[in-house]
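In what follows, a structure is listed as structure tokens, so that the remarks can point back to it.
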Amino acid sequence: MDNIIGHEKQKAILLKLAERGSIPHALLFSGPEKVGKKMMALEFAKMIFSKSSDINLNENPDFFMVSSLGKEIKIEEIRQLQEKLSLKPYCHPFKIGIIDDAHLMKKEAQNAFLKTLEEPKGDSILILITSYPYMLLGTIRSRLQELKFSLVSRENIEKHLIELGASVGKAKEISLISSGQIGKAIDFFNNPEKVELFNQALEDIGFLSRADYHQRFNYAKKMCELENIDEIIDVWERFFRRKMILEAMKKKDSLEKTMEIIKYMERSRFLINSTNANKKLVLENLFLKI
């Protein structure tokens, strides 16, 4: 797990569990988006299977991944995972199943998954990954050993970007706007146009905060045609989180309103990315709060 940036405490915990042979049947990796939870889960799986980090999980018959790709995880996908885990391992002591964005399991999928936790197989390990653990059923969370992840330090991000080939100045710029999300920082480095998108999104939120209702609704209509809605709202959300911190430090009366806007942005991103909600209506309701 040497290629994981930051999270030294989490690495140490997982290494100790592996060394002692006391790996829990089910783990929950929780924390902010794009901080390395998924990479840690994959590297941990590799370590369990083999001492070589070059092992190809995609070709491993004892490894299974359920990935939502931003959509709801259906009960059929969970049943398929359960069926695979019910078989004996092919070539390793354990079968390993990972559910990415586990909070996107529909309620019936979560209820089905609960049965797996209630009747654990001795030769299987489950890892759930989520940025929204509170969206999981309490009965599921109570049966998972949770490992919490936090934001990666700017120093670690800068160092890694320089190792990738970024100049010192560019590394500092990207580490600042990535807000501790190493995955976001690497994305910015590999796709410079996304830095431009970030700057444009900041200009747009300034415009929207001054715009009348007619201008806001027109912007919502225009925004519905874009493919990167989630990235834009993500920039806005981080803008308001910084604003919230400054207001908390200065004890401004607008703190409560800023917190409410952030909650609306989180909900809007979820509705747009994970449901069939009307995008235009979701955006219009959001813009009324800004």
Smallest separation among heavy atoms of [X] and [Y], with atom names:
{"X": "K37", "Y": "K34", "value": "NZ-N, 4.3 Å"}
{"X": "V282", "Y": "A277", "value": "CG2-CB, 3.9 Å"}
{"X": "L161", "Y": "A171", "value": "CD1-O, 3.8 Å"}
{"X": "F49", "Y": "F94", "value": "CE2-O, 3.3 Å"}
{"X": "G97", "Y": "L81", "value": "CA-CD1, 4.3 Å"}
{"X": "A18", "Y": "F44", "value": "CB-CE1, 4.5 Å"}

Whether the side chain of [X] engages the backbone of [Y] through a donor-acceptor N/O pair (distance < 3.5 Å, no angle test) should be reported.
{"X": "N191", "Y": "E193", "value": "no"}
{"X": "R216", "Y": "A211", "value": "yes"}
{"X": "S178", "Y": "I174", "value": "yes"}
{"X": "Q215", "Y": "D212", "value": "yes"}
{"X": "N278", "Y": "L281", "value": "yes"}
{"X": "Q10", "Y": "L147", "value": "no"}
{"X": "Q82", "Y": "A112", "value": "yes"}
{"X": "K11", "Y": "I4", "value": "yes"}
{"X": "D62", "Y": "C91", "value": "yes"}
{"X": "R141", "Y": "L137", "value": "no"}

(request) Check whether F240 and I229 end up in the same hydrophobic cluster, where Ile, Leu, Val, Met, Phe, Trp and Tyr are linked by side-chain heavy atoms less than 4.5 Å apart. (result) yes

(request) Answer yes if I182 and L176 sit in the same cluster of Ile, Leu, Val, Met, Phe, Trp and Tyr residues linked by side chain heavy atoms under 4.5 Å apart, and no otherwise. (result) no

With a 6.0 Å cut-off (strictly less than), is the heavy-atom count around [atom1] of [X], excluding the residue itself, greater than 12?
{"X": "N276", "atom1": "CG", "value": "no"}
{"X": "K280", "atom1": "NZ", "value": "yes"}
{"X": "M39", "atom1": "CE", "value": "no"}
{"X": "R79", "atom1": "CZ", "value": "no"}
{"X": "Y264", "atom1": "OH", "value": "no"}

Is the shortest side-chain heavy-atom distance between [X] and [Y] below 4.5 Å?
{"X": "I261", "Y": "F239", "value": "no"}
{"X": "L151", "Y": "Q181", "value": "yes"}
{"X": "I233", "Y": "L283", "value": "yes"}
{"X": "D101", "Y": "S67", "value": "no"}
{"X": "L17", "Y": "Q145", "value": "yes"}
{"X": "V35", "Y": "H7", "value": "yes"}
{"X": "P93", "Y": "D123", "value": "no"}
{"X": "Y90", "Y": "K95", "value": "yes"}

(request) Can you measure from CD1 (I127) to CG (L144) and round to the nearest 0.5 angstrom? (result) 11.0 Å

(request) Take Y213 and L288 through the side chain to side chain contact (heavy atoms under 4.5 Å, CB included) test and state the conclusion after the steps. (result) CA-CA 7 Å; Y213 290 156; L288 289 174; 3.6 Å; yes

(message) Under a plain distance cut-off of 3.5 Å, with no hydrogens placed, do H160 and N156 share a side-chain donor-acceptor pair?
(response) no

(message) Looking only at side-chain N and O atoms, does N199 offer a donor or acceptor that is under 3.5 Å from a partner on E203?
(response) no

(request) Keeping to residues at least two apart or across chains, list the side chain to side chain donor-acceptor pair (under 3.5 Å) pairs with something in residues 102-111. (result) H103-T130

(request) Let me see the working for L126 and F113 under side chain to side chain contact (heavy atoms under 4.5 Å, CB included), right down to the final yes or no. (result) CA-CA 11 Å; L126 289 161; F113 179 73; 3.9 Å; yes

Between [Y] and [X], does any NZ, NE, NH1 or NH2 come within less than 4.0 Å of an OD or OE carboxylate oxygen?
{"X": "E173", "Y": "K170", "answer": "yes"}
{"X": "K184", "Y": "D234", "answer": "yes"}
{"X": "E77", "Y": "K74", "answer": "no"}
{"X": "K257", "Y": "E260", "answer": "no"}

(request) Hey, can you tell me if W236 and Y219 have their rings parallel, tilted or perpendicular (30° and 60° cut-offs)? (result) tilted

May I have the list of side-chain donor-acceptor pairs in residues 25-33 shorter than 3.5 Å, sequence neighbours left out?
from, atom 1, to, atom 2, distance (Å)
H25, ND1, S124, O, 3.1
S30, OG, E146, OE2, 2.6
E33, OE1, R269, NH2, 3.0
E33, OE2, Y132, OH, 3.3

(message) Please evaluate residues I99 and I78 with respect to the criterion side chain to side chain contact (heavy atoms under 4.5 Å, CB included), reporting the C-alpha separation (whole Å), side-chain torsions for both, the decisive distance (0.1 Å), and the verdict.
(response) CA-CA 9 Å; I99 304 179; I78 298 302; 4.0 Å; yes

(message) What verdict does the side chain to side chain donor-acceptor pair (under 3.5 Å) test give for H92 and N60, after you've listed the backbone C-alpha separation in whole Å, the side-chain angles of each residue and the deciding distance to 0.1 Å?
(response) CA-CA 10 Å; H92 298 285; N60 193 312; 3.2 Å; yes

(request) Could you give me the CA-CA distance, side-chain angles and deciding distance for V195 and F189, then say whether side chain to side chain contact (heavy atoms under 4.5 Å, CB included) is met? (result) CA-CA 8 Å; V195 177; F189 174 71; over 6 Å; no

